[in-house]
Amino acid sequence: MEDQNNVRVVCRFRPLNDLECQRAQGLCVSFSDQTVCVNSQSDSAENLKFTFDKVFTPESSQEAVYNFAAKPIVEGVMQGFNGTVFAYGQTSSGKTFTMSGPDLEDPITMGIIPRMVNTVFDFISDTDNNTEFTVKISFCEIYMEKIKDLLNPTEGNLKIHEDKIKGVFIEGLTEMYVSNDIEVHEIMKEGNENREVASTYMNAVSSRSHSLFIITVNQTNSKDFSGKVGKLFLVDLAGSEKVAKTGAAGLRLEEAKHINKSLTALGQVINSLTDGKSTHIPYRDSKLTRVLQDSLGGNSKTSLIVTCSPSPYNEAETISSLRFGIRAKAIKNKPKVNREHTVAELKLLLAKCQEEVEKRDRIIAKLENKLKSQGDSLLDISTCSRQSQEKIDADDIMAEIDELKYRLEEQIDISKKLKDNNDKLLRELAEIKSERSMMIQQLEETQQRTSYAEKSVKEQEVVIEKLVLTKDSLEKSIEIAMKNKISSDKIITEKDSEIFQLKQDLLMNSPQKQRKSITFAVSPAELQKVKSQNSELKKELELTKDQLKATVKEYNKVIDENEILRDKQSSSYRKTETFKTVSPEVVSLKEEIEDFKMMLNQLQSESEVQKLQINEKDIEMLKIKEENENLKKKISDIQGTIDEILTTKPPEPQIPETKIKSPELHKHEENFAEMLLAKEKSQYEEQRKRWDSERKDIMHDLENRINRVIELEITLDLAKEAHRNLEKNIGKNEKELIAKNQYMEKYISKLGSELQKEQLLKEKIKTECEYNEKKLKEQLDRVRVLEAECEEFKKKQLRLESRLKFAEEEAYNANNMRNRPSINHGNVRKPIKGGFNAERLTIMSPIAEVGN
Ligand SMILES: Nc1ncnc2c1ncn2[C@@H]1O[C@H](COP(=O)(O)OP(=O)(O)OP(=O)(O)O)[C@@H](O)[C@H]1O
């Protein structure tokens, strides 16, 4: 039964919402039964008219929409056709409202899907009990080009496949057997909770994916074992949206891009299907079009509900949706009943054929016998004609028998194949079972290892925490030690400079100033004071040094002068000697005395100057005692010489014996000589007195100087002692500091090495941790893989079990064709016999098992 069938397209307008009421006044559309007229608000645009199979106004009920747009489709499904109902429209136009409705169980507001489910079960309950039904449901969504199983959300990226028997299908999609509408509602609710929805400016609960609700109805007639299967696709498309209006950003924007892209692909498929010239239909451009391949231009009865907003605010989107609907209306599908030839049905057919063959064989045999008994002569024309007629019949029958034989052979082949397949499946099942037990064992081992690894990771984490704490405290200690070291270094440097300064001062400074006891631990103010004192002492020392130099210079000068004086004295002495020996030369002697006097005067004046100079310069002498003694000795020599000179009587002038002097002349000469002598004597006395006083002064000065020298020597000794003490103290402190420093350095190096060790340990633990984490991750991944595999195996096993049971059932059915007892396969399949009306809403069976 094949027919060309256009896609039924209806259009539904929803009431205005709050946003639209705020944005614009009134409606932009007017309706008739099948026509929508868009009264464009913009001056440039002309009014547009669109004709559909039906137009539903904002006042239209859910039931009305269902009855027109969906009920015929579900009725077709119950006859073995494939059916599709899908809703298309801009975001917030009412697709979900139309397909699901706000309440699945509210008879007024429930949408197309729950109504269809009701229709399916109504149909089953209204059918006589010779037909057995199984109803399976699947629920998935296409979100960002990935197919997610809403009944098993762990399956997030299912693949689409196609084969000759099944057509296009989603591999691995969960199919649940259901036996009543309440179960379906429960499963739907569960699936809806897994859907991707989000709030946008346009819709508080906007679907961000295309959802597909699939109902598969299998029916088998228990009389003729004929079977048929109808598949119903109920599609709630995601809404096309203008990003500016919905305010989509980030993930919402990505979703919007995918939604719009797949809807464009849908539009292109519809264009290609309807333009009359395309040879290629781009079904593979998106998952949506690929899944809906049969619904669009294929083996399906399809209804499209275009949902629209009547507001001028959404005029452009409404026009676009209406255009889409108009194009879709032109799609022609080729729906056909999906018959299923069960083994039982075929065997029944075969048995019938065999019966017929046997019957015919019997007739032929009878005829042949008759022929033989009557002989060839009895054959007349009429017999011939009857025979020929019978022969024709027989030929037909033989042909039919041949065909039946051929079909029988085919069925035997199929049965054989099924048996082989069954055996293979059994073997697979056994393998899977053993594999599964191995995997469970592996899983247990892995879990054990994982728990060990977790435990060791925890322990290591504790160790790391402790180490981190130790490291922190060590770092703090090091910090403190470093600070101490820095301050110690600073103190050492200060002390070094102080020591150096003090050493310098000690070398240069006057001991007097250093009498003060110098302690090591001086305050900065004291230090400053000491420094200033030191500089003063230094200055004083410099001055003293200069004075000493000057004194030495003067001393040398005095010595030189004394030398001159002695030379002069000796020359005077030599002259006196000459005077004694040469009395006749009195005149020249007088002259010489005059010279001498002058010289003495000069000496006197020079001595005066010297005295003045000595008095003026308060020079301190740094001379060792020997030099003083020498000075004293020299002075005493001078003194001796002077005394000698003074005590020595001048030689009496010798009168040459050859020349006889007169007594008056002689007396006169004697008087003159005495006078001269007295004068000279008084002069000598005077000079001696002066020299005495000078000597006294010098002696006094010398004594002072000696005292000063002694004093300086004492000060020097004290200073030396203080220096020694200081050195001792400094040495002691220095030693302490050095020891302290060494200790600190040792401590720091120890801490450093400990820290290094800790860091190495930490690094080691870190790498171990990383390694363990990696291992753990690997193990977890492995566990996950194993779990997934296990899950997969479980599923496979279930599928195999169900297939096996199905095959067993089929085999059993085949063996008990005529007297078939009813089999209840528990939770694998849920065969529902037609006419179960009384039980329908009262029995709440457990959610059916997965099947494929
Ligand atoms: N015919 C209607 N009567 C009353 N309210 C409606 C109707 N159609 C839609 N609504 C309301 O409009 C809002 C948006 O509807 P819905 O969520 O079904 O839009 P949608 O097309 O599925 O949007 P999206 O594409 O964003 O998922 C909902 O609050 C819904 O209840």
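Keep in mind that what you see is a predicted model, and the values were worked out from it rather than measured. All heavy atoms count here, side chains included; hydrogens, waters and symmetry mates do not. Order of appearance sets the numbers: ligands from 1, and atoms from 1 within every ligand.
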Peer 1: Measuring from atom CG of Asn271 to atom NZ of Lys277, what distance do you get when rounded to the nearest 0.5 angstrom?
Peer 2: 10.0 Å

Peer 1: Taking N or O atoms only and a 3.5 Å limit, does Gly94 qualify as a polar contact for ligand 1?
Peer 2: yes

Peer 1: Measuring from the heavy atoms of Gly89, does anything fall under 4.0 Å of ligand 1?
Peer 2: no

Peer 1: Could you go step by step and tell me if Ser300 and Thr84 meet the side chain to side chain contact (heavy atoms under 4.5 Å, CB included) rule?
Peer 2: CA-CA 7 Å; Ser300 176; Thr84 306; 3.1 Å; yes

Peer 1: Looking just at side-chain N and O atoms, do Thr119 and Tyr66 make a donor-acceptor pair shorter than 3.5 Å?
Peer 2: yes

Peer 1: What about Phe13 and Phe56, are their ring centers closer than 6.0 Å?
Peer 2: no

Peer 1: Strictly inside 4.0 angstrom of atom 29 (O) of ligand 1, do you find any protein heavy atom?
Peer 2: no

Peer 1: Heavy-atom contacts with Thr96 under 4.0 Å: which atoms of ligand 1 show up? List them by number with element.
Peer 2: 18 (O), 22 (O)

Peer 1: Roughly how far, to the nearest 0.5 Å, is CG of Leu158 from SG of Cys140?
Peer 2: 7.5 Å

Peer 1: Pairs of nitrogen or oxygen atoms closer than 3.5 Å, one from Phe13 and one from ligand 1: do any exist?
Peer 2: no

Peer 1: May I ask you to check whether Thr91 has an N/O atom sitting below 3.5 Å from an N/O atom of ligand 1?
Peer 2: yes

Peer 1: Which heavy atom in Pro282 sits nearest to a heavy atom in Val269, and how many Å separate them?
Peer 2: O-CG2, 3.5 Å

Peer 1: Out of all atoms in ligand 1, which are within 4.0 Å of some heavy atom of Ser206? Include the element for each.
Peer 2: 24 (P), 26 (O), 27 (O)

Peer 1: Is the shortest N/O to N/O distance between Ser93 and ligand 1 below 3.5 Å?
Peer 2: yes

Peer 1: Answer with side chain, backbone, both or neither: which part of Gln90 has a heavy atom less than 4.0 angstrom from an atom of ligand 1?
Peer 2: backbone

Peer 1: Can a cation-pi geometry be assigned to Lys301 and Phe81, taking NZ or CZ under 6.0 Å from the six-membered ring centre and within 45° of the ring axis?
Peer 2: yes

Peer 1: What part of Pro102, side chain from CB on, backbone N/CA/C/O, both or neither, has a heavy atom under 4.0 Å from ligand 1?
Peer 2: neither

Peer 1: Could you work out, for atom 5 (N) of ligand 1, the closest of Tyr88, Phe56, Phe97 by heavy-atom distance?
Peer 2: Phe97

Peer 1: Would Tyr88 and Phe324 count as a close aromatic pair, with their ring centres under 6.0 Å?
Peer 2: yes

